[in-house]
2 protein chains.
Amino acid sequence: MKPKQALRIAGKSAPRLDGLEKVTGKAVYTGDIEFPGMAFAKILRSPVPHARIVSIDVRKAESLPGVVTVLTRDDLKGLNYQYGAIYKDQSIVAVDKVRYAGDPVAAVLAVNEDTAEEALRFIDVEYADLPTVTSIEEAIAPGASLVHEKWSGQAELRGSSYGAPERFKGTNICSVFAYSRGDVEGGFKKSDHVFEDTFRFPKVQHFSMEPHTMVAHFGQDHLTVWSSCQDPFGLRDQLAGIFNLPLSHVRVIVPYVGGGYGGKLYVKAEPIAAALSWKARRPVKLVMGISESFKTVTRHPARVRIKTGLTKDGRIVARECEIYMNTGAYADAGPRVTQKAGYRALGPYRIPNAKVDAHCVYTNTVPAGAFRGFGAVQVAWAYESQMDLLAERLDMDPLDLRLKNLLKKGEPYTPGDTPVDCDLKEGLMKVAKAIDWKAQSKANTGKGLSVCLKDAGGTFKIAGATVKMSSDGSVVLLTGTVEIGQGSRTALSQVVAEELSTDLEQISVAQLDTDVTPYDVSTSASSSMTVMGLAVQRAAKDARRQLLEAAAKVMGCKIGDVKLKDGKVQGKRGHSLLYGKVITDYFGSKAGEIIGKGLYRDIRTKKAALGSTTTFWEVGWGGAEVEVDRDTGEIHLHKYVSVADVGRAINPVQCEGQDEGGVVFGIGHTLFEQMVYEDGQLLNPNLVDYRVPNFRDLPDEFISTLVENENGPGPFGSKGMGEGGLLPVASAIANAISKAVGIRFYDLPITPEKVWRALQAKEK
Amino acid sequence: MKPKQALRIAGKSAPRLDGLEKVTGKAVYTGDIEFPGMAFAKILRSPVPHARIVSIDVRKAESLPGVVTVLTRDDLKGLNYQYGAIYKDQSIVAVDKVRYAGDPVAAVLAVNEDTAEEALRFIDVEYADLPTVTSIEEAIAPGASLVHEKWSGQAELRGSSYGAPERFKGTNICSVFAYSRGDVEGGFKKSDHVFEDTFRFPKVQHFSMEPHTMVAHFGQDHLTVWSSCQDPFGLRDQLAGIFNLPLSHVRVIVPYVGGGYGGKLYVKAEPIAAALSWKARRPVKLVMGISESFKTVTRHPARVRIKTGLTKDGRIVARECEIYMNTGAYADAGPRVTQKAGYRALGPYRIPNAKVDAHCVYTNTVPAGAFRGFGAVQVAWAYESQMDLLAERLDMDPLDLRLKNLLKKGEPYTPGDTPVDCDLKEGLMKVAKAIDWKAQSKANTGKGLSVCLKDAGGTFKIAGATVKMSSDGSVVLLTGTVEIGQGSRTALSQVVAEELSTDLEQISVAQLDTDVTPYDVSTSASSSMTVMGLAVQRAAKDARRQLLEAAAKVMGCKIGDVKLKDGKVQGKRGHSLLYGKVITDYFGSKAGEIIGKGLYRDIRTKKAALGSTTTFWEVGWGGAEVEVDRDTGEIHLHKYVSVADVGRAINPVQCEGQDEGGVVFGIGHTLFEQMVYEDGQLLNPNLVDYRVPNFRDLPDEFISTLVENENGPGPFGSKGMGEGGLLPVASAIANAISKAVGIRFYDLPITPEKVWRALQAKEK
């Protein structure tokens with residue numbers, strides 16, 4: 001490990017800048033926004049999973065006292081009412097038909113929420129039911145009922161590089177990602193063993209503490225939207241498109257966001273709130289309940305078939321992956337998630353011959369979109385479960401099998417992409433050591449390992465930042481990264497304080513507002529520390545240069561003779577000036593400021609499988625020790641070890657928090673979480689019937705270790721993180737269960753009932 | 001006149017960008033800001049003009065239901081509670097004594113305005129009365145009661161370059177401006193005639209449609225203030241000082257402002273709102289009534305003695321001016337206004353020997369501060385009235401006397417300052433022609449002329465601007481200029497649209513927010529078009545350069561081969577690309593933006609009387625034809641001609657509106673307006689007893705002419721304007737009255753009663 005660069009502020013566990021504000025209830029969230037004349041919206045959602053809309057009658061609802069207006073398909077004329085992250089397949093409200101139970105059909109605007117809610121019952125909608133497809137199997141069956149008659153896969157509907165070959169026309173498959181290298185069939189022939197396994201991943205929800213919340217105010221010819229969202233600039237694009245406005249006439253402001261996890265990426269109900277404001281010419285607030293978040297976006301359920309050929313001594317020769325991602329009723333980010341799932345399906349291993357086919361499938365269920373891990377979670381569950389199966393079948397130690405096949409640092413994942421940027425073996429050995437891999441487990445107890453990686457930082461990233469130093473030397477940072485709880489405000493401020501050699505207390509982060517904040521693609525893909533971090537660092541360096549130039553002028557010396565130290569510019573011979581003094585002297589007034597600009601622009605042009613090389617590789621190593629309760633089927637987590645490759649932790653305690661949070665998310669879908677459908681109806685969209693992990697579900701011993709090799713492209717050698725820890729959880733736990741009781745699970749979640757039934761079946 | 005540069009957008013009377021929003025009631029003003037948990041403040045004002053505070057008992061008030069808290073001097077510990085534009089002589093609430101009837105003594109915060117208002121009556125304050133000084137004469141009399149025992153004139157209290165010589169210690173004179181050149185006594189000796197006259201100017205109020213309004217929210221360690229103010233950055237400085245916060249922890253946001261005229265420059269009641277929020281930890285709204293605005297800030301009453309020596313053929317040889325400005329109970333901008341009044345007292349004439357002494361005097365009246373014309377109004381009233389008196393005494397035509405003495409273009413006003421930048425004779429002749437100067441008037445009818453100038457643009461100006469072009473080519477402008485009704489949004493947007501060759505509809509102006517908007521000193525001194533205009537133009541040019549560079553790269557040609565035209569980049573051979581296409585192709589994504597920065601920095605270092613040379617000269621020429629009703633004393637304005645030197649009108653109809661508005665302001669203080677004091681009590685702080693001009697008071701014929709010689713330093717040869725039209729009004733009308741009925745008025749306003757009494761006296 002190379003010696004670390006000495007840092008003053010970055011690299012230390014500074015308390016969160018937003019901490020006190022949040023725990024004392026002073027932090028402003030979108031739900032806190034109020035305006036005179038504000039009206040409140042509620043959404044009428046389809047009770048049926050798939051139907052043609054015969055008629056909508058809102059007269060009774062509109063005549064209720066306190067109802068301002070009702071929005072239906074009849075109001076959409078003049079608007080470009082279709083939108084979507086990738087395909088414009090979603091309407092502000094349903095037009096011809098509804099495609100899932102929960103699909104917005106109309107929205108009521110009233111003087112208060114209760115009246116709006118009450119009025120929903122007075123809207124008469126006549127539906128003509130259509131056959132329903134809920135599962136991947138139903139959706140891809142020949143002759144299946146089509147969720148979208150107009151096939152989104154075709155080029156003219158795309159407006160993007162996503163899509164599917166013509167042969168899928170007339171099916172529910174709306175996009176396909178295909179990748180191959182070498183000769184996969186030849187590889188299987190050359191292999192001593194070929195094994196094929198199929199794994200399934202359930203439909204789960206992000207479960208942000210704050211449900212989707214938005215305020216829209218359509219002024220004269222300007223639309224302002226406050227939204228709890230992760231991509232204000234993308235939202236601005238879509239709203240400008242819908243309302244035919246220049247981007248400069250649409251302003252998106254993001255107050256604090258109470259959790260995102262990908263669920264607040266891309267347009268959600270903002271077009272409904274905006275259209276109501278446009279119709280009623282009043283400020284509109286739309287706050288969803290948690291049940292409505294369940295009916296808005298989820299993770300993709302998946303079916304992943306992996307076929308792997310190996311030599312008898314355990315070298316992987318070939319792998320074929322067939323992936324189906326259930327994107328629900330609308331594509332949302334599905335084609336992109338599918339692409340990433342496909343690309344990430346090969347795992348961290350050297351595989352000379354490979355072939356991947358990933359399909360994005362419409363069904364009559366809640367749309368699935370971005371979710372922490374973004375396609376990697378589903379395939380990592382599969383490939384790392386299979387890895388243990390392969391070891392078992394070859395009678396090898398799963399650790400040895402992994403070590404034999406892991407990519408080395410500097411090896412390409414796929415030709416043309418950024419080579420692997422860390423030592424995959426190093427982290428795995430840390431986990432093995434921490435979990436005491438070679439030691440014997442007690443009865444009903446077992447250990448499991450997993451190592452996963454994903455390309456990270458996003459594709460075609462563009463991020464700008466501005467650093468504004470006032471005449472007292474204090475600084476406001478303008479950044480498009482949304483503080484969704486991940487601690488970006490603190491970490492990015494640390495980068496600024498470090499570069500400008502000032503205290504963290506001198507730094508504030510400006511409200512995110514597309515009118516004034518420099519452009520950023522989105523807060524996603526673990527990109528904030530690397531991509532935005534670099535933009536912020538560059539902006540700070542730009543301000544630093546200007547400050548030094550001003551100081552040299554004021555102090556009458558060369559720029560090489562001055563340097564920044566602890567809020568002062570130091571000249572030669574011990575002479576020093578406070579930053580504020582430099583600025584006011586330079587401007588000759590009690591005034592002036594220095595503005596530094598920074599830009600990150602993805603200009604890598606190498607030909608890569610996804611068209612853009614990855615910014616960095618995010619790696620997650622996990623190890624679990626579980627005990628299975630044979631009487632109840634309950635899985636008890638004795639120990640969980642997570643190792644994260646962070647390059648350099650800008651704020652170590654925040655990194656650990658992110659890593660642990662990722663693991664807990666993983667524990668959720670591994671052991672508890674699943675959205676259950678019956679007859680096209682979602683049965684458990686609520687806090688009682690949908691079970692997320694609670695404190696009692698934490699491992700008895702929970703170790704999170706950060707690997708800091710300064711190998712990241714971000715400031716001071718940092719990498720992005722926060723998704724990696726999530727990836728290995730399900731497979732590590734499933735592998736441990738297999739060791740403990742000899743039962744292999746192919747489907748998640750591994751509930752007590754499933755375990756108990758499997759134990760019963762095995763004992764028979 | 002040189003031929004005008006051809007322009008597409010600038011130079012045309014584009015409709016106001018904020019017009020529809022405002023007339024439809026959609027525009028957001030500070031009073032429209034609401035927050036959950038917001039409480040409402042009312043100020044307890046002193047009923048007596050000058051007294052020591054013996055005790056304050058708030059127990060009854062605090063126990064009223066709905067009262068959140070009461071702020072008194074007992075709460076100020078830990079705050080730097082004194083503030084002020086120039087001297088820190090004002091307290092958040094009164095501490096030791098009250099200095100005028102209306103001085104804030106306490107403030108109540110309650111759940112609504114009515115409760116807060118009601119609670120004021122339950123605060124018991126015991127006062128020990130002190131002798132009162134209301135007029136300049138009382139205040140400067142030997143042994144006068146001192147408004148401030150601790151003399152502000154002394155250096156250690158100043159924190160600025162303002163002050164008074166030591167001999168004024170222990171008086172009510174808090175600052176002095178002295179200027180002289182040549183040998184004024186020698187000049188008088190050499191003169192054939194020496195005349196001395198004294199003129200008085202009344203106390204008048206700005207009368208903005210929107211009274212002072214503010215919202216303060218003290219968060220964890222951040223203070224956010226929404227204020228109807230003209231200098232958010234200055235307000236930020238003062239609030240940061242009061243609460244010991246870095247500037248980056250104080251955020252000032254300025255929604256639309258319903259009129260400013262200088263009355264919303266510098267801190268007003270914002271510290272009260274902020275201190276209440278700091279104490280109660282709730283958002284606080286403080287909305288003054290119009291009567292409270294009267295008790296907050298006014299124009300300076302003045303006494304101006306002018307002694308002028310001339311040759312018998314009318315050449316001015318020497319002039320001495322003695323000026324007293326009544327700044328009320330607190331200095332506010334008084335020392336600066338006094339300085340400017342002194343500097344501007346010589347008028348637009350060639351005067352070889354000159355001496356000016358201007359004094360700023362405390363009295364027990366409402367503080368006087370900045371007000372459209374800023375000291376020039378009072379002295380212009382004097383010197384242009386005297387000019388007609390001089391002509392009369394020399395038996396010369398007032399026009400001829402002026403023409404003989406007017407400074408020529410290029411001549412210095414004072415040595416070292418920017419030379420006169422326009423043809424003063426040209427404008428005067430335009431007025432004379434429009435008013436048909438040589439033609440005989442009917443009985444009781446007369447004509448008057450006036451020509452006035454002021455240095456403009458402000459001293460030590462710093463202004464930044466940012467132009468943010470999004471990926472569709474539309475633009476958001478960040479500017480610190482406050483839209484106070486003067487039309488700056490539209491005019492500055494026209495500059496951007498012109499430079500970027502795009503439509504005005506593509507431009508929006510971002511909300512003014514000190515966190516993100518580049519620094520600007522203030523919206524004052526007719527500076528927005530020149531000072532901020534240049535910053536905006538430079539920002540647009542910077543964006544333009546970047547756009548051209550991106551286009552050259554995208555189009556594969558040299559930067560010299562591309563140019564901007566109507567929203568497209570044109571290359572060679574007719575190839576052209578929309579701006580949005582250039583940006584997205586350049587960034588290789590449906591994303592990206594171009595950010596241009598512009599800065600205006602006053603770096604002129606020539607030694608000038610005020611320490612900084614004037615940016616430009618603002619000139620106002622006026623001509624009036626009046627008829628005097630001998631029965632009622634009413635003055636009827638038959639005609640008013642205003643000529644303004646605007647360099648180049650960026651938006652002609654807005655310039656005319658500004659010029660006409662200035663004239664109407666002038667009509668107000670000339671004929672109607674005066675704050676009347678009796679026993680230290682202001683008698684008419686309301687809409688009924690204080691008379692402002694209404695539509696019936698407009699001249700029958702009202703001509704506003706713009707001189708456009710492209711002689712300004714602003715974009716496309718523009719100059720600032722909007723104050724010039726105000727300056728000549730009083731003297732032009734008084735001169736016309738003198739011609740009509742042979743009566744000279746030395747005091748304003750010239751009310752029917754005064755006229756009637758003077759007519760009666762004359763006829764006796």
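Reminder, nothing fancy here: chain letters follow the sequence lines and each chain counts from 1.
Interface remark: A/Thr517 contributes backbone atoms only to the contact with chain B (heavy atom separation under 4.5 Å). Of the atoms belonging to A/Val475, it is backbone heavy atoms, and not side-chain ones, that fall under 4.5 Å from chain B. Both the backbone and the side chain of B/Leu20 come within contact range of chain A, each with at least one heavy atom under 4.5 Å from a heavy atom of that chain. Contacts of A/Leu478 with chain B are made by side-chain atoms alone, with heavy-atom separations under 4.5 Å and no backbone atom involved. For A/Leu599, the part lying under 4.5 angstrom from a heavy atom of chain B is the side chain only.
Of the candidates A/Tyr29, A/Phe35, A/Tyr256, A/Trp226 forms a ring pair (Phe, Tyr, Trp, His ring centres under 6.0 Å) with just one, namely A/Phe35.
Contact count versus chain A (heavy atoms, under 4.5 Å) is highest, among B/Ser471, B/Gly234, B/Ala591, B/Ala463, for B/Ala591. When each of A/Pro518, A/Gly588, A/Ala510 is scored by its heavy-atom pairs under 4.5 Å with chain B, the top score falls to A/Pro518. Contact count against chain A (heavy-atom pairs under 4.5 Å) is highest for B/Lys468 among B/Lys26, B/Lys468, B/Glu21. In terms of heavy-atom pairs under 4.5 angstrom with chain B, the leader among A/Ile462, A/Ile33, A/Leu247, A/Ile595 is A/Leu247.
Smallest separation of non-hydrogen atoms from B/Met532 and B/Leu492: CG-CD1, 3.9 Å. Between B/Ile507 and A/His249, the closest heavy-atom pair is O-NE2, 4.1 Å. A/Pro255 and A/Thr30 make their closest contact through CD-OG1, 3.4 Å (heavy atoms, listed as atom of the first residue, atom of the second, distance).
Aromatic ring centroids of A/Phe587 and B/Tyr519 lie 6.0 Å or more apart.
Within the structure, every pair that satisfies the side chain to side chain donor-acceptor pair (under 3.5 Å) test and touches residues 506-515 of chain A, not counting sequence neighbours, is listed here: A/Arg251-A/Asp513, A/Ser508-B/His222.
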**Study point:** Pair A/Arg545-A/Glu549, salt bridge (charged side-chain N to carboxylate O under 4.0 Å, His left out): steps then yes or no
**Key:** CA-CA 6 Å; A/Arg545 180 188 53 75; A/Glu549 280 172 8; 3.0 Å; yes

